[in-house]
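What you see is a predicted model, and the numbers here were worked out from it, not measured in a lab. What you see below is based on every heavy atom in this structure, not just the backbone, and it leaves out hydrogens, waters and symmetry mates. For the single chain, residues carry numbers from 1 onward in sequence order. Just so you know, ligand 1 is whichever comes first in the structure, and atom 1 is the first atom listed for that ligand.
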Amino acid sequence: MYRIPARIMAYLGIALLAVAGLGFAAYAIGFGARGLALDLSQETYLYTPGGMPTNLAVFSHMILGGAIMGLVPLQLIGRVRARHPRLHRVTGRVIVAGAMVTALGGLGYIASRGTIAGPLMDAGFALYGGLMLVAAVQVLRLARAGAFARHREWALRLFVLIIGSLIFRLHYTLWYLLTDGLGSTPALDGPFDQVQYVAFYLPYLAALELWLRRSRADVPRRASSG
Ligand code: HEM
């Protein structure tokens, strides 16, 4: 039987993730723009009637979150970084600023309205926003200090956090396809939902830390064998 080579499978996986990411980014930007322009109180609980600051926080976080999700893959392409360093710097600043406003918008919404499922989900999402703020500050600070190895590590952490929002939806899509939503409720307070409060970023950050640790250990080994 013909087997698809692993490399092709990896490219297919990346292409699928890119399509899903762009689709979700467009959805988030559209949702955010409608929330800022229209009264969506009949459509979503995320809209607060007469609550301009809360609406500004949650809907602008969607617009900026969608924008940085669309932009962030560009930063990972080595050829773009090498050939167009100015573009890398400008896009990087836009992403860092966008990530800060996205995180602050999400945190502002949690502080003013709270999430649909209450304190546990508030805590999981607040930690998510807090980590995004820390990563964005570190990326900028280390680039300015010329500490490029550490800048790269924080940029990868920020990347994982930015696509976390997409991963959250992908977990749900896969789970509903496989189990028809076992352990998940419309109020997002079932056992499956409760795991998701952190499962869309913590395991991926942990995997990244392991990979970074191995890559750091490999550098002296490669240098001494070369
Ligand atoms: C990284 C890019 C992000 C994008 C594209 C994004 C997008 C969205 C979208 C579209 C929604 C509406 C729900 C839906 O239709 O699925 C939403 C809800 C929400 N987001 Fe984000 N988001 C991002 C990052 C963040 C961050 C960093 C926080 C952290 C504080 C956050 C906190 C929230 C909260 C609290 C809700 C409402 C949850 C609820 O009660 O239903 N988001 N986000």
Worksheet entry | Under 4.0 Å to a heavy atom of Gly106 - the qualifying atoms of ligand 1, by number | 30 (C), 32 (C)

Worksheet entry | Ring-face cation of Arg214 near Trp211 (centre distance under 6.0 Å, axis angle within 45°) | no

Practice prompt. Select the closest option to atom 39 (C) of ligand 1 among Phe59, Phe125, Tyr45, Tyr172, judged by heavy-atom distance.
Written response: Tyr45

Practice prompt. Give the residue, atom name and distance (to 0.1 Å) of the protein heavy atom nearest atom 1 (C) of ligand 1.
Written response: Ile162 O, 3.5 Å

Worksheet item: Would you find a donor on one side and an acceptor on the other, under 3.5 Å apart, between the side chain of His61 and the backbone of Gly106?
Response: no

Response to the item:
If you scan protein heavy atoms around atom 40 (O) of ligand 1, the nearest is Ile116 N, 2.8 Å

Item to complete: Provide the number and element of each atom of ligand 1 under 4.0 Å from a heavy atom of Gly65.
Response: 2 (C), 3 (C), 4 (C), 5 (C)

Worksheet item: Is there a heavy atom in Arg113 that sits closer than 4.0 Å to ligand 1?
Response: no

Worksheet item: What part of Thr115, side chain, backbone, both or neither, has a heavy atom within less than 4.0 angstrom of ligand 1?
Response: both

Practice prompt. State the atoms of ligand 1, each with its element, that fall below the 4.0 Å cut-off from a heavy-atom position in Tyr128.
Written response: 1 (C), 24 (C), 25 (C), 26 (C), 27 (C), 28 (C), 29 (C)

Worksheet entry | Heteroatom distance test (Tyr27, ligand 1): nitrogen or oxygen, under 3.5 angstrom | yes

Discussion item. Is it the case that over 12 heavy atoms from other parts of the model lie below 6.0 angstrom from the CG atom of Leu38?
Written reply: yes

Item to complete: Compare Met121, Arg169, Met132 and give the one whose heavy atom is closest to atom 8 (C) of ligand 1.
Response: Arg169

Item to complete: Could you check atom 37 (C) of ligand 1 against the protein and tell me its nearest heavy-atom contact, residue, atom and distance included?
Response: Leu46 CD2, 3.6 Å

Worksheet item: Is a donor on one side and an acceptor on the other found under 3.5 Å between the side chain of Asn55 and the backbone of Leu36?
Response: no

Item to complete: Note the single closest protein heavy atom to atom 22 (N) of ligand 1, along with its residue, its atom name and the distance in Å.
Response: His61 NE2, 2.9 Å

Discussion item. Check whether Arg113 reaches the backbone of Gly108 with its side chain - one donor and one acceptor, N or O, closer than 3.5 Å.
Written reply: no

Practice prompt. On the 0 to 90° scale, with breaks at 30° and 60°, tag the Phe31-Tyr27 ring pair as parallel, tilted or perpendicular.
Written response: tilted

Worksheet item: Side chains of Thr173 and Arg169: donor-acceptor distance under 3.5 Å anywhere?
Response: no

Worksheet item: Within a reach of under 6.0 Å around OH of Tyr176, are more than 12 heavy atoms found that belong to other residues, nucleotides or ligands?
Response: yes

Worksheet item: Would Phe24 count as a contact of ligand 1 if the rule is a heavy atom under 4.0 Å away?
Response: yes

Item to complete: Could you tell me the residue and atom name of the protein heavy atom closest to atom 35 (C) of ligand 1, and the distance to it rounded to 0.1 Å?
Response: Ile110 CG1, 3.6 Å

Worksheet item: Can you tell me the protein heavy atom closest to atom 24 (C) of ligand 1 and the distance?
Response: Thr102 CG2, 3.6 Å

Fill in: Qualifying residue, where the test is ring pair (Phe, Tyr, Trp, His ring centres under 6.0 Å) with Phe200 and the options are Trp175, Tyr172, Phe168
Phe168

Discussion item. Within ligand 1, which atoms have a heavy atom of Leu107 less than 4.0 Å away?
Written reply: 30 (C)

Worksheet item: If you measure from atom 6 (C) of ligand 1 to every heavy atom of Gly98, Ala28, Ser165, Gly130, which option wins on shortest distance?
Response: Ser165

Practice prompt. Keeping the roles fixed (side chain from Tyr128, backbone from Leu161), state whether a donor-acceptor pair exists under 3.5 Å.
Written response: yes

Practice prompt. Measure the spacing between CG of Leu133 and OG1 of Thr102 and express it to the nearest 0.5 Å.
Written response: 9.5 Å

